[in-house]
Amino acid sequence: MGKNIVLTGFMMAGKTSIATELSKITGRKLFDSDQVIVDEAGMSINRIFEKFGEGYFRDLEAEVIKKLSELEDAIISTGGGVVLREENISELRKNGVIVNINITPEVIKSRLMSSKGSRPLIKDSGFDDVLARLDARREFYKNCDFMVDARNDSTPKEQAELILNILKRNGEI
Ligand code: S3P
């Protein structure tokens, strides 16, 4: 039985692309908490927010995280707000190592315009609003086990390899 590798991080950090590469390299199965929510609810994240609000989404997210935390040997990519509930992190940590993909304002700037459509919390936000949201989240992201930077000058594959090296070096996998 091996620990799950869990990716957290702010919107646009590249969690999904990096998790996809982690899955390819390791042969482990990939689970994306947002995708599980969409499949279970039968509607998009935007629609869930519109119809039921953020609180309802967070409850769904917590249920999905509880289920995903039972897995073994999986790659789990999470939504950017998963860290907001401490219970999510303690569930994920029971059988997983939690890696935070840290995003800088520069990287946000370069990705923001193309990333708004599917993300209800930033679809009407300017750069400054997004930065303020990131700042409010920083404390929560610290509650993860390892941190690597989101970079525009490395590919998701290179970032996945870096994460695997760090985890191996630390005896986590
Ligand atoms: C959210 C991030 C989104 C999604 C939802 C809320 C957040 O996931 O879970 O829109 O609160 O940061 P991504 O981080 O994959 O964009």
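Counting starts at 1 for both ligands and their atoms, in listed order.
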Do any heavy atoms of Gln35 fall under 4.0 Å from ligand 1? no
Contact between ligand 1 and Glu54 is defined here as a heavy atom of the residue under 4.0 Å from a ligand atom; is it met? no
Shortest protein heavy-atom distance from [atom], along with the residue and atom involved:
{"atom": "atom 11 (O) of ligand 1", "answer": "Arg58 NH2, 2.6 Å"}
{"atom": "atom 12 (O) of ligand 1", "answer": "Arg137 NH1, 2.9 Å"}
{"atom": "atom 15 (O) of ligand 1", "answer": "Asp34 OD2, 3.5 Å"}
{"atom": "atom 14 (O) of ligand 1", "answer": "Lys15 NZ, 2.5 Å"}

With under 30° as parallel and over 60° as perpendicular, where do the rings of Phe49 and Phe57 fit, or are they tilted in between? tilted
[X]-ligand 1 polar pair, N/O distance under 3.5 Å:
{"X": "Phe49", "answer": "no"}
{"X": "Thr78", "answer": "no"}
{"X": "Thr16", "answer": "no"}
{"X": "Ser118", "answer": "no"}
{"X": "Gly80", "answer": "yes"}

Over 12 non-hydrogen atoms of neighbours within 6.0 angstrom of NZ in Lys157: no
Surrounding CZ of Arg93 (heavy atoms of other residues, nucleotides or ligands, distance under 6.0 Å), is the total greater than 12? yes
If the threshold is 4.0 Å, N to carboxylate O, is there a salt bridge linking [X] and [Y]?
{"X": "Glu54", "Y": "Arg58", "result": "yes"}
{"X": "Arg85", "Y": "Asp59", "result": "yes"}
{"X": "Lys67", "Y": "Glu40", "result": "yes"}
{"X": "Lys24", "Y": "Glu21", "result": "yes"}

Side chain, backbone, both or neither: which part of Met12 comes within less than 4.0 Å of ligand 1 when only heavy atoms are counted? neither
Relative to ligand 1, is Arg133 under 4.0 angstrom through side chain, backbone, both or neither, heavy atoms considered? neither
Can you see which heavy atom on Val148 is nearest to which on Ile166, and at what distance? CG1-CD1, 3.6 Å
Relative to the heavy atoms of [X], which atoms of ligand 1 are at a distance of less than 4.0 Å?
{"X": "Pro120", "value": "10 (O)"}
{"X": "Ile45", "value": "5 (C), 10 (O)"}
{"X": "Arg119", "value": "13 (P), 16 (O)"}

Is it the case that Asn95 and Glu70 place a side-chain donor and acceptor less than 3.5 Å from each other? no
Report the residues that fulfil ring pair (Phe, Tyr, Trp, His ring centres under 6.0 Å) with Phe31, sequence neighbours left out, ordered by chain and then residue number. none
